[in-house]
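Single-structure report; data block below.
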Amino acid sequence: MTRIDARFAKLRAEGRKAFVSYIMAGDPDVKTSLTLMKGLPSAGVDVIELGLPFTDPMADGPTIQLAGQRALEGGMTLDKTLQMVREFRAGDNDTPIVLMGYYNPIYSRGVDTFLDQAKEAGIDGLIIVDLPPEEDDELCIPAQKAGLNFIRLATPTTDDKRLPKVLQNTSGFVYYVSITGITGAAAAQAAEVGPEVARIKSQTDLPVIVGFGIRTPETSQSIASIADGCVVGSAIVADLAEGKPVDEVLGFVKSLADGAHRA
Amino acid sequence: MNELANSYMTGPDEKGRFGIFGGRFVSETLMPLILELEAQYERAKTDQSFWDEMEFLWKHYVGRPSPLYHAERLTEHLGGAKIYMKRDELNHTGAHKINNVLGQIILARRMGKTRIIAETGAGQHGVATATVCAKFGLKCVVYMGAHDVERQQPNVFRMKLLGAEVIPVTSGRGTLKDAMNDALRDWVTNVRDTFYCIGTVAGPHPYPAMVRDFQSIIGKETRFQMMEAEGRLPDTIIAAIGGGSNAMGLFYPFLDDTDVNIIGVEAGGKGVNAKMEHCASLTGGRPGVLHGNRTYLLQDDDGQILEGFSISAGLDYPGIGPEHAWLNDIGRAKYVAITDKEALEAFQLCCATEGIIPALEPSHALAHVMKIAPDLPKDHIICMNMCGRGDKDIYTVAKHLGVDMSDGEGRSVS
């Protein structure tokens, strides 16, 4: 059982929804993003998604792209990202960490080496956007064998015929992408997302968490109410990009988490 | 079975792989779309009416077949091998790009798509896409790096005249790879009505195979024309490579003719060295995953993608088609790099000896011909792909030769 499985079991037992937040490792610098990361659990974050910066984030909108660019310009690397996780783990051994990014930096490191290092650093799961089920042999299967969750995205274009394939090797939770589009785009609508979540839940016992297009405590609450929880990324990253101090950003995160937890 | 195993022409496999290269590395939102595209393409491929429509338009709209031309004075000047040029620069829109665009747009129409998006570097693929969209009355959106928009103004204006919306891409560094990222983002957002018309033999399966199949008309014609002219196949075929679509189009029909030497020419920029001021993915990169496929990429030690550098905006891409990566690794084709300086020399020699102003892209192929032809016997036949005309490049060339054309008088600044 990974920290992710344990956390969702606990939330389920307590009858609570999960609030998942995304931040980009090294944005705008390692020190600031580590301080922010360390503050997330007490702001109410149940699961942390840590972005691994990449030069060519095809599925992300401008907010996350720019965050990745800032991180890379600041000298962020895979090694420094793993080191950040180690430093976080020194003070928190419970909050699950999902590394989210693209395949090439991992492929470049070598899958086996990467999995050893990720596990040792304290990463619990992976969301790798450009690895659909058709490419499961690349990383998904080896990651599961290494004891890491491999969390898959399901999208509005994932029809009933395809859904079993998407769910087959997914573990931890299912990340439902609320819109066809990129991160930080149009607002998610609970009325539209609800039936989709139900459709997925009819085929899996895994928690279904909804992301993309959530930027306010109200949406956080409405989306969490029709799923097992929600993810906010771009809105938090944008707040940080405006130059707001970490405390203020954490205040915003808390309002989003409270929204989800009210659901 | 044995026959298949001995063929170089059976790829890709059912996973879209050429050896370890290729594949379908895209987000889940796009996955159902590329599976649908693959199914529709497989259907069209075996439908004679699809090819009848292609052939009609290739002949009457594009002007195919393009000539196979014996470059006599260039042959004489170099004093060795007999040099032929496949004149794909004579196509409508001035390059090979339209061969593929026609195929994809006809397919898009069969699929009921009404909005076409494309990425472009030098602008040739964008112009070809805008052209065919105008012909069929389809909405066309072209993503072009902001940097390329600046250095390829004539093509930007052409696209606008043809009714396309040109979106300058400022994300990343504003070059071809960023334009491709933004086109993919558009596609993810507008999945229902939009067809992504990729300009080269890269991207997720089925694009590399589909674009190759459409461009293979180049090699098929060359085989036929060479048999007519010489009664035999060429000894060496040469083409320039950015993503590699003109090269794949020329090479593919010759892959099983193992007596034919195949040479791909990458853009060596300022030289293939540690400073990475080049676009030679095969000679200066290593395998990685970008834009939906595994292939050779320019990247740093951490797997971050590097920007290519070349005088030619059409070769300025940090990757290469996966089939080229495979042909390189199995040794069926050889890949070399030519510098900006060598390409500029070839450009000028071609103008002076043949009365043909070549694009900077085939100038790279020509530069390699200049390197090897003098040492080859006179009965050795080389065919290079003249894949584009150089009108679009005269400003760039003038600048490098120290000529200021800003006042339209061609005054030298030196």
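For clarity, every value in this text was computed on a predicted model and none was experimentally measured.
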Is it the case that the side chains of [Y] and [X] hold a donor-acceptor pair, with the cut-off being a distance below 3.5 Å and no angle test?
X	Y	answer
Thr157(A)	Thr155(A)	yes
His291(B)	Tyr317(B)	yes
Tyr196(B)	Glu119(B)	yes
Gln104(B)	Asn100(B)	yes
Asp178(B)	Thr175(B)	yes
Glu49(A)	Ser21(A)	no

If the threshold is 4.0 Å, N to carboxylate O, is there a salt bridge linking [X] and [Y]?
X	Y	result
Glu42(B)	Lys45(B)	yes
Arg17(B)	Glu135(A)	yes
Lys145(A)	Asp112(A)	no
Asp136(A)	Arg152(A)	yes
Glu38(B)	Arg24(B)	yes

- [ ] List for me each residue that meets side chain to side chain contact (heavy atoms under 4.5 Å, CB included) alongside Asp159(A), sequence neighbours excluded, and say none if there are none.
- [x]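 Testing Asp159(A) for side chain to side chain contact (heavy atoms under 4.5 Å, CB included), a comparison that skips the adjacent residues, returns Lys161(A), Arg162(A).
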
Tell me, for [X] versus chain B, whether the close heavy atoms (under 4.5 Å) come from the side chain, the backbone, both or neither.
X	answer
Ile128(A)	neither
Pro62(A)	neither
Glu134(A)	both
Tyr107(A)	side chain
Pro57(A)	both

Using heavy-atom distances under 4.5 Å, tell me whether [X] contacts chain A through its side chain, its backbone, both, or neither.
X	result
Leu290(B)	side chain
Pro204(B)	neither
Leu306(B)	neither
Arg173(B)	neither

Open item on the list: Are there residues of residues 183-195 of chain B whose heavy atoms fall under 4.5 Å of chain A's heavy atoms? If so, which?
Closed with: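 The residues closer than 4.5 Å to chain A, in numerical order, are Leu184(B), Arg185(B), Val188(B), Thr189(B), Val191(B), Arg192(B).
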
TODO: Test salt bridge (Lys or Arg N to Asp or Glu O under 4.0 Å) on Arg70(A) and Asp29(A) and set out the steps.
DONE: CA-CA 8 Å; Arg70(A) 284 191 297 272; Asp29(A) 55 69; over 6 Å; no

Open item on the list: Using a 4.5 angstrom heavy-atom cutoff, name the option from Leu66(A), Ile179(A), Leu72(A) with the most pairs to chain B.
Closed with: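 The residue among Leu66(A), Ile179(A), Leu72(A) with the greatest pair count is Leu72(A).
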
TODO: Select, from Ser171(B), Gly16(B), Pro32(B), the one with the greatest count of heavy-atom pairs under 4.5 Å involving chain A.
DONE: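 Maximum pair count with chain A is reached by Pro32(B).
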
Open item on the list: Please rank Lys177(B), Arg286(B), Gln299(B), Met180(B) by heavy-atom pairs under 4.5 Å with chain A and give me the top one.
Closed with: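 Maximum pair count with chain A is reached by Lys177(B).
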
Open item on the list: Does anything in residues 166-177 of chain A reach chain B? List residues with heavy atoms under 4.5 Å apart, or say none.
Closed with: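 Within residues 166-177 of chain A, near chain B: Val166(A).
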
Task: Tyr102(A) and Phe25(B) aromatic centres sub-6.0 Å - done: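 Ring centroids of Tyr102(A) and Phe25(B) are no less than 6.0 Å from each other.
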
Task: Under the ring-ring contact (aromatic ring centres under 6.0 Å, His included) test, residues paired with Tyr41(B) that sit two or more places apart - done: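 Partners of Tyr41(B) by the ring-ring contact (aromatic ring centres under 6.0 Å, His included) criterion, ordered by chain and then number, come out as Phe214(B).
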
